[in-house]
Amino acid sequence: MRDIYARRLWQRFVSKNKLRILTRQESTLSGRDKKLIWHPFSQEKTAAEPIAIRRAQGSYVYDEADRPYLDLVSSWWVNIHGHAHPEIANTIYKQALTLDHVIFAGFTHEPAVTLCESLATIFPPKLSRYFFSDNGSTTVEIALKMAYQYWWNLGENERTLFVSFSGGYHGDTFGAMNVGKGSRYHSTYEKFFFDSLLVPFPATWNEDVDVVKKEVEAISLFQSHLEKNSKKIAAVILEPLVQGASGMRMCRNTFVDQVVEIARENGILVIFDEVMTGFGRTGSLFAFNQLTQVPDFLCISKGITGGFLPLALTVTTDKIYNTFLADSFSKAFAHGHSYTANPIACSAAIKSLEILQRPQTRNAITKISEAHAQGLAQLKKKCGNIVQNTRQLGTIAAFEISGTYNFDLNLKLKKIFAMEGLLLRPIGNTLYLLPPYSTTPEEIESAYQIISSVILKL
């Protein structure tokens with residue numbers, strides 16, 4: 001009887017105090033997450049509990065114990081001015097009290113128009129038509145659909161091929177995956193892909209003696225594709241200067257210019273995926289600023305709102321736009337998203353663009369670039385052949401850790417760096433740094449010292 005009474009008391013206690021008797025693991029934010037949430041790009045069976053972040057400020061994010069982590073990947077490349085930037089936060093607050101959202105089919109609003117007007121002051125005049133969406137995959141998907149329908153509207157409906165580069169990653173929707181099949185992320189879905197053509201990407205690095213040879217081979221195959229399929233190709237798509245998700249693989253600007261020139265000579269449209277490279281990452285406002293050629297489509301997202309809200313734009317030309325105009329709906333671009341041109345996101349983007357163009361931001365980008373150059377040189381000096389293929393462009397720095405790729409080592413490195421207070425996310429054997437512009441040279445120098453110490457202990 002005593003046991004039955006005790007059990008009933010315990011059950012009554014449990015019913016009144018469920019949250020209090022959770023295990024320590026279950027009561028943490030990470031533990032609660034693990035029971036419910038499916039995370040991106042993660043093997044959920046082997047993944048450790050995610051680090052629970054409570055707040056962020058400047059270049060740091062802070063966990064539940066208020067432990068800081070220097071965000072050296074800009075939280076997947078979206079944050080450019082630092083976390084919780086007060087000017088952008090206040091702009092969002094004011095806009096939310098004025099106009100939160102309105103359908104964008106048949107309506108417009110001040111933040112959308114002002115944002116496009118602001119971008120028009122820094123874009124080449126040729127890029128004059130703006131189509132809104134909400135992430136990197138969708139801005140690419142839109143460019144692909146527009147490129148195909150451009151030719152369709154002109155009566156050339158045999159142009160169904162796209163040319164892309166090995167290692168290129170353009171997003172995870174089906175069209176974007178198709179032109180990104182040269183990356184290692186989408187092989188599961190290959191049966192769904194439409195035909196497309198691949199060209200080798202002449203990735204280069206410091207002291208690369210074979211770069212010219214690689215470029216010649218790539219151009220030769222590109223020209224061969226065009227000669228054999230000149231009336232079947234709709235467009236060529238590439239990440240100008242830096243392939244992000246394939247490990248910050250870099251190429252020379254003269255190579256990109258040559259690709260665009262050849263495409264032009266053959267009447268092929270050109271799509272620049274600047275989802276990652278845009279908004280100062282490469283040292284210039286956009287990667288195309290380091291080129292002599294202008295694309296027919298420009299895809300931008302990630303840093304557009306300063307890391308606060310999802311937003312994207314596919315920017316194209318009047319020449320493309322005009323082919324969609326007709327007296328009937330048959331030639332219209334039948335595409336849209338529920339949160340197209342969200343006013344709050346557009347307001348954040350306007351303020352972020354203003355901050356980006358300030359002299360102090362440009363100066364910060366220069367200092368980060370200089371700190372990377374010094375850090376990579378010291379890293380190579382300390383670690384020798386363990387560190388290979390060092391490369392840098394603007395605020396982006398990367399290198400490979402020698403040896404065969406090891407998934408366990410990748411996980412181990414992320415964990416060790418987190419314990420050292422660094423938010424780093426290696427891609428295969430590649431370790432890269434892409435910090436917000438709020439990061440100081442001293443913080444970057446300290447990060448390289450920690451990285452070299454960790455690498456030498458492997």
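What you see below is based on every heavy atom in this structure, not just the backbone, and it leaves out hydrogens, waters and symmetry mates.
In this structure, CD in Q43 is found 10.0 Å from CG in L411, a value given to the nearest 0.5 Å. We find the OH-CZ distance between Y321 and F131 to be 11.0 Å, quoted to the nearest 0.5 Å. Between the CG atom in D71 and the CD atom in E443 there is a gap of 11.5 Å [rounded to 0.5 Å]. Atom-to-atom distance recorded for I53:CD1 and Y69:OH is 6.0 Å, nearest 0.5 angstrom. For the atom pair L144 CG and L269 CG, the distance stands at 11.0 Å (nearest 0.5 Å). Considering CD of E445 and CD of Q374, their distance stands at 7.5 Å, rounded to 0.5 Å.
The side-chain contact (heavy atoms from CB on, under 4.5 Å) search around Q360 returns R358, not counting sequence neighbours. For the ring pair (Phe, Tyr, Trp, His ring centres under 6.0 Å) test, residues two or more places apart in sequence or in another chain that qualify with F41 are W76, Y185. Every residue two or more places apart in sequence or in another chain that forms a side-chain contact (heavy atoms from CB on, under 4.5 Å) with T254 is listed here: R252.
In this structure, H186 has its ring center closer than 6.0 angstrom to the ring center of Y169. If you look at F286 and F272, their ring centroids are not closer than 6.0 Å.
With contacts defined as side-chain heavy-atom distances shorter than 4.5 Å, the pair Y432/I396 does not qualify. Between L353 and Q357, some side-chain heavy-atom pair lies under the 4.5 Å cut-off. Between R159 and K231 the shortest side-chain heavy-atom distance falls below 4.5 Å. Residues P111 and L115 fail the side-chain proximity criterion, which asks for heavy atoms closer than 4.5 Å. Residues P124 and F288 have side chains in contact (heavy-atom distance under 4.5 Å, counting atoms from C-beta outward). Using a 4.5 Å heavy-atom threshold, the side chains of T139 and K302 count as separate. Side-chain contact between L431 and L413 is absent, with no heavy-atom pair separated by less than 4.5 Å.
Although no hydrogens or angles enter the test, the distance criterion places a donor-acceptor pair under 3.5 Å between the side chain of Q392 and the main chain of S369. Remark: the backbone N or O of A332 is paired with a side-chain donor or acceptor of Q149 at under 3.5 angstrom. Under a 3.5 Å cut-off, the side chain of D63 and the backbone N or O of R67 do form a donor-acceptor pair. The closest donor-acceptor contact from the side chain of T366 to the backbone of R362 lies under 3.5 Å. In this structure, the side chain of N429 engages the main chain of I401 through a donor-acceptor pair within 3.5 Å. Proximity of a side-chain donor or acceptor of W77 to a complementary backbone N or O of M276 within less than 3.5 Å is not detected. Remark: side-chain polar atoms of H337 are not paired, donor with acceptor, to backbone N or O of Y339 under 3.5 angstrom. Counting only distance, with no hydrogens or angles, the side chain of Q223 and the backbone of I262 share no donor-acceptor pair below 3.5 Å. Using a distance-only test at 3.5 Å, with no hydrogens or angles considered, no donor-acceptor pair links the side chain of S352 to the main chain of I350. Between the side chain of H372 and the main chain of G394, no donor-acceptor pair closer than 3.5 Å is present.
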(request) In sequence, state the C-alpha distance, the side-chain angles, and the governing distance for L70 and S59, and then conclude on side-chain contact (heavy atoms from CB on, under 4.5 Å). (result) CA-CA 6 Å; L70 181 60; S59 298; 3.7 Å; yes
(message) Go through it in stages, so that I can follow the logic: the residues are I300 and F123, the test is side-chain contact (heavy atoms from CB on, under 4.5 Å), and I'd like the CA-CA distance, side-chain angles, deciding distance and then a yes or no.
(response) CA-CA 12 Å; I300 56 175; F123 283 173; 4.1 Å; yes
(message) Under the criterion side-chain contact (heavy atoms from CB on, under 4.5 Å), I'd like the reasoning laid out for I344 against F308: C-alpha separation, chi angles, the key distance, then a yes or no.
(response) CA-CA 10 Å; I344 300 174; F308 275 77; over 6 Å; no
(request) Please assess L72 against F417 for the test side-chain contact (heavy atoms from CB on, under 4.5 Å), listing each intermediate value before the final yes or no. (result) CA-CA 11 Å; L72 290 171; F417 287 132; over 6 Å; no
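Looking at E400 and R249, no side-chain N of the basic residue comes within less than 4.0 Å of a carboxylate O on the acidic one, giving no salt bridge.
Using modelled atom types and a 3.5 Å distance limit, the side chains of E274 and T277 yield a donor-acceptor pair. For the residue pair S284 and Q290, a side-chain donor N or O sits within less than 3.5 Å of a side-chain acceptor on the partner. Between the side chains of T361 and H81, not a single donor N or O lies within less than 3.5 Å of an accepting N or O. Neither side chain, S75 nor N79, offers a donor N or O lying under 3.5 Å from an acceptor on the other.
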Name each donor-acceptor pair under 3.5 Å that joins a side chain in residues 196-214 to protein atoms two or more places apart or in another chain, with its distance.
{"residue": "S196", "atom": "OG", "partner": "N178", "partner atom": "ND2", "Å": "3.4"}
{"residue": "S196", "atom": "OG", "partner": "K181", "partner atom": "NZ", "Å": "3.0"}
{"residue": "T204", "atom": "OG1", "partner": "D208", "partner atom": "OD2", "Å": "2.7"}
{"residue": "W205", "atom": "NE1", "partner": "N389", "partner atom": "OD1", "Å": "3.4"}
{"residue": "N206", "atom": "ND2", "partner": "T390", "partner atom": "O", "Å": "3.1"}
{"residue": "N206", "atom": "ND2", "partner": "T390", "partner atom": "OG1", "Å": "3.0"}
{"residue": "D208", "atom": "OD1", "partner": "D210", "partner atom": "N", "Å": "3.1"}
{"residue": "D208", "atom": "OD2", "partner": "K214", "partner atom": "NZ", "Å": "2.9"}
{"residue": "K214", "atom": "NZ", "partner": "A203", "partner atom": "O", "Å": "2.5"}

Pairs of donor and acceptor atoms involving the side chains of residues 449-458, under 3.5 Å and at least two apart or interchain, shall be tabulated with distances.
{"residue": "S452", "atom": "OG", "partner": "Y448", "partner atom": "O", "Å": "3.3"}
{"residue": "S452", "atom": "OG", "partner": "Q449", "partner atom": "O", "Å": "2.8"}

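Judged as a salt bridge (Lys or Arg N to Asp or Glu O under 4.0 Å), the pairs with a partner in residues 122-131 (not counting sequence neighbours) are, in order, K126-D296, R129-D318.
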